[in-house]
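Please read the structure below before turning to the comments.
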Amino acid sequence: MAESERHMPDSVSEHDEGADAAQHREQAESSGAASSAANAQRSTDPGKARYEDQRSQPGNGWTGLVQDARSWLLKRQLAVWVSGSVAVINIVFLLWRVLFRIPQDSLYFSTTYDQLLMTGGHIANGAVSPQPPSVTLQMIGLIATLFISTSTYRLIMDVIIIFTILAIAEPRLGRRRTLLACLISGMSGAVIGLFLCLFINWLGGMWQNASHARMTMSPLVMIFGALMAASAFSSFIWRRRIRLIGYMAVLIALLYTGDPGDYCLLVAALVGQFIGYVWHGPQDSREHWASSSAHERRSLLSSISVVLSLGPIVATVSHAHRGALSALGLLTGPGTINDARLMACLRTASKSSCYQEFNLYHISTSGSIIRAILPTIVLLIISWGMYRGRRVAAWSAIIVNSGIVLFSFLYYLLSSVQNDMVAFQAYRHGLLPSMLMTVLPPLAFAIVIRHNIRLFNVPTERGALWRGLSAIIATALALSAFYLGFGLLNPTSFLPHAHWSSLLSQLPQTFIPMGFLNTSQAVLRTTTFAAELVRQCIGIIFWLVLIVVVSRWMRTSVAENAGERKLAGSLVELGGESMSFMTTWEGNRYWFSPTGRSSVAYRVSHGIALTTTGPFGDPGEYLDDLQGFTHFCYEHSLSPVFYSVHDATRQALLDQGWSSIQVGSEMVVDPRLWQTKGKKWQAIRTAINKANREGIRDVYADFSGSPREIQSQIVDISEQWANLKSLPEMKFTLGGIDELRDPRVMMLYAIDADNVVQGVTSWLPTWKNGQIVGWTLDFMRHRIDSPNGIMEFLIARMAQRLKEGGTAEFMSLSAAPLAGSPVDDGEDSAALHHALQIVADIMEPSYGFNSLFQFKKRFQPHEEPVYICYPDVSRLLPMGLAVLEAYLPNLKPSQIRNMLNH
């Protein structure tokens with residue numbers, strides 16, 4: 001059962017072409033047959049030549065690298081010219097300013113709503129300009145910011161981002177459409193975005209603050225819409241990722257800074273996406289966001305974690321603090337909150353929102369910016385760990401975000417409210433809405449991670465966790481003791497003179513660079529270089545140690561039974577059944593024989609020890625392993641259940657008084673007898689000829705050794721396929737992308753003349769006495785728009801390759817779960833089989849058990865039943881629940897209801 005019904009090729013549901021029509025087509029496809037023959041000539045034993053079909057590079061070493069770069073740039077000339085032009089224009093403009101000593105302030109690159117719309121021309125600092133510039137000059141200056149960067153740093157970043165965006169958009173849209181998308185979205189964003197900013201601030205009672213805000217834009221406004229337009233012409237996963245990352249980048253600036261130019265960027269992105277929709281047309285209606293695979297959902301959560309990690313830095317270094325999450329960024333950033341001005345505003349009778357007037361916060365980054373960068377690095381490492389499925393990363397993110405929520409509550413409810421009069425004014429001046437906007441994002445994110453904690457299924461070895469925690473605690477205690485000791489021994493190095501209480505009150509600031517902890521008036525000020533060095537280095541050393549510890553957790557986070565998995569991975573090469581390689585996948589536990597030369601893989605759920613196929617390793621120990629594993633289970637109060645075993649294992653268990661139920665039929669092909677002659681092979685011949693006619697070839701390689709572009713396409717196809725299903729991906733004996741990464745697992749994928757992967761299959765090896773004797777089909781997916789018959793083509797080509805290799809004894813197409821002709825094992829098993837068949841009928845629309853079974857029969861395989869064997873009939877209910885949980889560990893009750901309704 002190595003392959004899920006979600007892998008069901010579209011060709012299963014297609015009607016077979018008539019024999020007569022196919023014969024006429026074959027006569028017209030002599031060129032396709034010739035191509036097939038050529039394909040066969042270059043086929044070799046897949047176990048000996050893995051990469052022979054990889055397309056050769058145009059050159060070697062540096063020559064090939066230069067050729068690749070030149071070819072890549074030639075396809076992106078617009079990106080080169082535009083980014084280069086922006087750089088040249090800005091450099092020339094900078095030289096002109098320097099040579100003629102023209103201050104930038106005199107060029108009207110920054111204006112305000114007051115200057116544009118109101119009489120008198122208020123400027124950003126609240127003063128009145130005696131001679132306000134004309135509207136024409138202000139508009140010219142504002143438009144110029146669409147092409148001129150405001151600083152050298154911004155210029156470097158803008159050029160890099162412009163080149164990256166256009167390099168993505170140009171191959172998808174073409175040059176003319178890319179330029180048109182830039183023009184339409186850029187101008188629309190510039191005009192609509194400024195008015196949107198004004199309107200939103202007016203709705204929030206922030207007119208006075210918004211009217212004084214400096215309006216500047218950037219060259220990105222003219223470019224960003226092209227990226228969103230190009231997303232419509234990308235594959236499903238890349239379309240989703242471009243939009244996710246693009247909007248996240250815009251929102252992080254908009255929410256944490258609130259600069260008017262950020263509104264322009266958001267509108268440009270929306271307009272660009274609409275343009276792409278108009279040009280491309282509606283996307284495939286079968287794509288679902290709600291049913292993302294575990295891998296993709298982890299990617300989305302890690303992306304959000306990156307945004308929340310970078311937010312405080314963005315808020316701290318920005319000149320504008322008018323975003324909805326600016327308070328959150330400033331509270332958790334390295335700066336200092338100016339509580340004095342906040343309290344002064346709260347005591348006034350004005351109607352302005354003190355908590356939304358973010359210019360009340362005075363940010364000072366000198367001396368503490370490093371302590372802000374280091375925690376950000378820790379958070380980014382945690383985000384990376386979440387992407388890799390590390391459970392410790394998920395819990396770390398929950399703890400960090402929960403801590404931010406706690407600190408935010410403390411600040412709003414304790415620090416800013418000092419007496420009854422101020423408390424009344426605080427609520428009047430917007431404490432509650434500002435507090436909610438600060439607290440809700442990290443709180444919601446922590447809840448979402450906790451709700452999806454099962455996605456992060458790679459635990460860390462306990463010893464590594466305890467060692468890391470011990471190092472962190474020991475470092476914190478040692479640094480604290482050193483700081484306190486230095487202060488007590490050198491009290492005159494501080495002003496006022498240091499003592500226990502003042503040193504303890506200042507201690508948290510040395511470790512945690514949060515604005516919440518940095519009051520407007522420091523308790524102690526250093527008066528000597530040594531004291532300042534100690535205070536700054538305490539936090540830096542602590543965070544460096546934390547970075548090392550967290551990095552080791554994320555790199556070395558492996559399953560708790562990593563050693564056992566490694567041993568099992570070596571034993572499976574001694575021998576086993578056709579699906580024994582699945583025992584090496586994550587999620588299994590292992591029982592080893594007394595000699596250590598054989599093993600049984602199992603999972604525990606509902607008191608059931610559910611095995612993954614039968615014993616593997618030394619074949620001479622299999623019968624003893626059945627008894628040994630059973631005895632082990634009884635000693636640990638578990639009920640043993642052997643799942644997906646073949647007839648030999650079943651007969652041995654039946655002799656011991658066990659019962660069994662057939663749970664599927666494995667389809668086995670003998671590649672030594674492979675041929676496609678005769679009427680019954682018509683559909684297979686048609687698929688092969690069609691692929692040859694359309695220039696599609698098959699490539700045999702492992703995933704890790706394939707080019708990055710191929711890997712990306714295969715992940716894309718997998719995620720796209722998973723999103724077509726309303727139910728989650730099945731696991732247990734059903735592999736996915738994560739299982740492809742083992743170098744012993746081979747792929748056979750179909751690629752067309754344009755280097756587009758149309759379909760992919762993966763094959764699991766089976767060993768006998770250290771030699772590979774067979775391959776089992778596991779992973780089978782194709783693009784939505786791939787040619788019909790692509791799966792038939794790939795499976796047929798694999799059989800042909802194995803035949804020509806001459807060493808493979810079998811090619812298994814895996815089992816079709818709950819399909820085939822059941823074997824009668826008595827009344828008890830018959831009742832359970834009927835119950836399972838009802839479940840199979842209910843799940844058929846979503847997973848297609850019978851459709852998969854019928855598809856595999858096209859290859860004229862030999863059917864070998866596979867069974868589930870159990871000793872205790874009274875344990876049938878927990879046994880069924882254990883099987884269901886093994887296959888669908890993330891299945892929700894709502895999805896079960898939907899499945900039953902359909």
Side-chain angles (χ1 to χ4, degrees), residues 7-44 46 51-56 235 284 669 671 674-701 706-707 709-710 713-714 716-717 720-721 747-763 777 779-804 811 813 854-860:
H7 299 163
M8 195 63 241
D10 290 343
S11 55
V12 173
S13 59
E14 299 160 4
H15 294 290
D16 290 339
E17 301 178 66
D20 294 338
Q23 289 175 358
H24 288 299
R25 186 181 298 105
E26 282 189 46
Q27 295 174 0
E29 291 175 349
S30 58
S31 60
S35 175
S36 178
N39 235 3
Q41 285 183 348
R42 57 187 180 84
S43 299
T44 59
Y51 311 110
E52 61 174 4
D53 291 301
Q54 298 288 354
R55 182 167 293 181
S56 61
S235 60
D284 196 301
V669 174
W674 174 259
Q675 54 80 35
T676 57
K677 298 179 181 179
K679 184 177 180 180
K680 60 184 179 181
W681 292 97
Q682 181 60 55
I684 307 302
R685 291 199 304 270
T686 299
I688 297 174
N689 292 332
K690 183 177 182 180
N692 292 330
R693 185 174 64 251
E694 297 185 4
I696 297 175
R697 61 191 179 92
D698 60 295
V699 178
Y700 185 78
S706 298
E709 179 183 359
I710 299 299
Q713 291 190 59
I714 291 173
D716 187 353
I717 292 171
Q720 184 184 58
W721 196 293
M747 299 186 305
L748 188 68
Y749 60 86
I751 188 169
D752 61 21
D754 296 324
N755 281 335
V756 176
V757 177
Q758 297 294 335
V760 59
T761 58
S762 73
W763 299 85
L777 177 64
F779 186 99
M780 184 168 70
R781 298 177 185 178
H782 63 76
R783 292 188 182 275
I784 295 176
D785 56 351
S786 65
N788 294 335
I790 200 69
M791 287 295 105
E792 290 91 333
F793 166 72
L794 284 174
I795 294 175
R797 287 294 302 134
M798 185 64 178
Q800 184 66 31
R801 284 173 174 271
L802 295 178
K803 179 179 181 179
E804 293 168 354
M811 181 184 77
L813 301 183
Q854 296 300 323
F855 165 74
K856 292 178 179 180
K857 289 184 68 174
R858 294 184 179 185
F859 300 91
Q860 313 304 317

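The model shown is predicted, which means the values in this text are computed figures rather than measured ones.
Distance OG/S762 to CD1/I714: 9.5 Å, rounded to 0.5 Å. Here NE2 of H782 is found 9.0 Å from CD1 of I790. Values are rounded to the nearest 0.5 Å. From W763, atom CH2 reaches atom CG of L777 across 4.5 Å, with rounding to the nearest 0.5 Å. Atoms OH and CZ, from Y749 and R697 in turn, are 7.0 Å apart once rounded to the nearest 0.5 Å. Taking CD from E694 and CZ from F793, the interatomic distance works out to 10.5 Å, rounded to the nearest 0.5 Å. Within the model, atoms OG1 of T676 and CD of Q860 stand 11.0 Å from one another, a figure rounded to the nearest 0.5 Å.
The shortest heavy-atom contact between K677 and Q675 is N-OE1, 2.7 Å. Considering all non-hydrogen atoms of both residues, V757 and R783 come closest at O-NE, 2.6 Å. Across all non-hydrogen atoms, the minimal contact from E709 to N755 is OE2-O, 4.1 Å. The shortest heavy-atom contact between G759 and M791 is CA-CE, 4.0 Å. In terms of heavy atoms, A799 sits closest to P671 at O-CB, 4.0 Å. Of all heavy-atom pairs between A687 and G789, the closest is CB-O, 3.4 Å.
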Under the criterion side chain to side chain contact (heavy atoms under 4.5 Å, CB included), I'd like the reasoning laid out for M811 against I795: C-alpha separation, chi angles, the key distance, then a yes or no.
CA-CA 10 Å; M811 181 184 77; I795 294 175; 4.1 Å; yes
Check the pair M747, F779 against side chain to side chain contact (heavy atoms under 4.5 Å, CB included), reporting the backbone distance first and the verdict last.
CA-CA 9 Å; M747 299 186 305; F779 186 99; over 6 Å; no
Assess the residue pair R801 and L748 against the criterion (side chain to side chain contact (heavy atoms under 4.5 Å, CB included)); give the C-alpha distance rounded to whole Å, side-chain angles, the decisive distance to 0.1 Å, and a yes or no.
CA-CA 10 Å; R801 284 173 174 271; L748 188 68; 3.6 Å; yes
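Judged as a side-chain contact (heavy atoms from CB on, under 4.5 Å), and not counting sequence neighbours, the contacts of A796 are W674, I684, I688.
Side chains of L794 and M780 form no contact here, defined as non-hydrogen atoms less than 4.5 Å apart. Looking only at side-chain heavy atoms (C-beta outward), I751 and Q713 stay at 4.5 Å or farther from each other.
Inspection of the Q800 and R797 side chains reveals no N or O donor paired with an N or O acceptor under 3.5 Å.
Under the 3.5 Å distance criterion, the side-chain polar atoms of D752 are matched with a main-chain donor or acceptor of D754. Formation of a donor-acceptor pair under 3.5 Å by the K690 side chain with backbone atoms of P787 is not found in this model.
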